Amino acid sequence: MSVVLEAIEAKKRGGELAEDVVREVVAGYTTGSVPDYQMSALLMAVFIRGMNYGETLALTRAMAESGEAYSFPDSVDKHSTGGVGDKISLISLPIVAACGAPVAKLSGRGLGTTGGTIDKLESIPGFSVDLPEGRFRRQVEEVGLAIIEAGDLAPADKAIYALRDTTGTVDSLPLIGSSIVSKKAATGAGHLLYDVKRGSGAFMKTDEEARELAGLLVRLSESLGIRASAVITGMDTPLGSAVGNALEVRESAGFLRGDPVPEDLAAEARLVASKLLELKGDKDPARSVERALSSGAAHEKLERFVRAQGAPPGALENLPTSGTTREVRAPRGGYVARFAALNVGRAALALGAGRQKKTDKIDPAAGVELLAKPGDRVQRGDPVARLHGDREAGRAEGLILQALDIRDEPPEPAPAILDDL
Ligand code: URA
């Protein structure tokens with residue numbers, strides 16, 4: 001019997017897979033000797049029966065070691081499980097770099113309503129997300145911050161994830177945990193913070209699911225020699241005001257320059273930066289973060305980083321803008337109770353800010369600016385959102401109105417930060 005068939009037989013009865021079996025199956029699938037139909041059967045057995053911690057770690061390790069890997073033991077990195085308007089990397093990483101913690105980050109593009117740091121950075125004129133390895137390393141040493149597109153890291157995860165996506169096996173805790181940590185382990189940072197999103201606009205819908213995933217991510221990382229911690233943050237409403245690539249870069253640079261932003265964004269960016277500095281041994285990280293912000297050092301770091309990756313001076317003040325904008329107005333008066341992240345994300349997607357398929361071309365200037373946040377009082381006819389872009393503006397307006405829930409009574413304030421592990 002082949003190893004993969006043995007693994008299917010064992011797992012369908014709830015048995016345990018040995019580390020060498022996991023490794024052989026992963027290698028076989030990556031090189032093509034294990035066919036899709038057998039891997040699909042195994043993934044479904046794992047989905048139904050689960051995997052214990054040892055099996056999950058073996059899968060993580062096998063996928064992490066399936067392609068090229070980097071090593072930046074002194075560097076910090078963060079990973080968000082994905083959200084709408086999530087620009088925390090663009091804010092927190094210049095802050096920690098300004099505090100002396102080097103950042104070597106490999107990021108991805110957005111897909112669907114989940115934005116990607118690489119698309120956001122590419123909206124900056126002249127910015128290159130593709131640096132040769134030597135230049136990437138030099139920039140981490142000299143500037144303290146470099147972010148490039150993740151290429152062929154953990155190719156086994158890439159192949160398995162594509163199969164999971166078409167076989168109903170994405171939402172399995174051991175498969176999600178091993179998938180995320182395998183990519184982070186291959187990027188090689190020695191200190192990692194996970195930002196696990198919980199809410200209607202996120203993968204994890206409940207506190208319990210988010211806490212379970214956060215615990216698994218930290219445990220797997222530490223087993224692989226990475227110092228790790230996690231925060232659980234809300235994703236019922238988009239973070240901050242801006243949703244869309246250049247719009248989010250503008251909001252992030254504005255925050256670092258001292259412009260006011262919504263409190264959920266400011267609080268989460270400060271927390272993530274503090275947690276990253278704590279992982280590096282900073283004894284008073286909150287104070288370091290405030291100093292980097294108030295002195296202007298974090299904003300200077302952002303400018304230096306974008307220039308180092310090819311943007312001309314002043315690029316952050318010359319971000320692309322859309323020739324077409326329209327305002328969406330409140331259909332009634334009252335208090336904004338909710339601005340549902342998923343439909344705001346879908347509206348940004350309709351305007352051209354994201355891709356439905358990997359091959360779609362995005363409009364860097366497109367997106368949504370929220371002009372009201374939960375708790376705000378609005379009159380009928382007040383502008384509540386501004387749409388940028390012209391692809392499907394009518395549909396986007398409908399989605400914004402579906403996302404918006406206005407009530408007579410003010411809502412209970414929803415905390416942006418739900419847990420801190
Ligand atoms: N993100 C990943 O990288 N992998 C998953 O399985 C789910 C989310």
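First listed ligand is number 1; within each ligand, the first listed atom is number 1. Everything numeric here is computed off the predicted structure, so don't read it as measured data.
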If you count the non-hydrogen atoms of other residues, nucleotides and ligands that lie under 6.0 Å from CZ in R407, is the total more than 12? no

Judged by modelled atom types alone, do R338 and S200 share a side-chain donor-acceptor pair under 3.5 Å? yes

Sub-3.5 Å donor-acceptor pair from the side chain of E222 to the main-chain atoms of A228, do we have one? yes

Greater than 12 external heavy atoms within 6.0 Å of R257's CZ: yes

Heavy-atom cut-off of under 4.0 Å around ligand 1: list whichever protein residues fall inside it, by chain and number. Y161, R164, I176, S179, I180, K183, F203

Closest heavy-atom pair, I118 versus S107, reported as atoms and distance to 0.1 Å, is CG1-O, 3.3 Å

Using only atom types and a distance under 3.5 Å, with no angle test, would you say the side chain of Q309 pairs donor to acceptor with the backbone of S128? yes

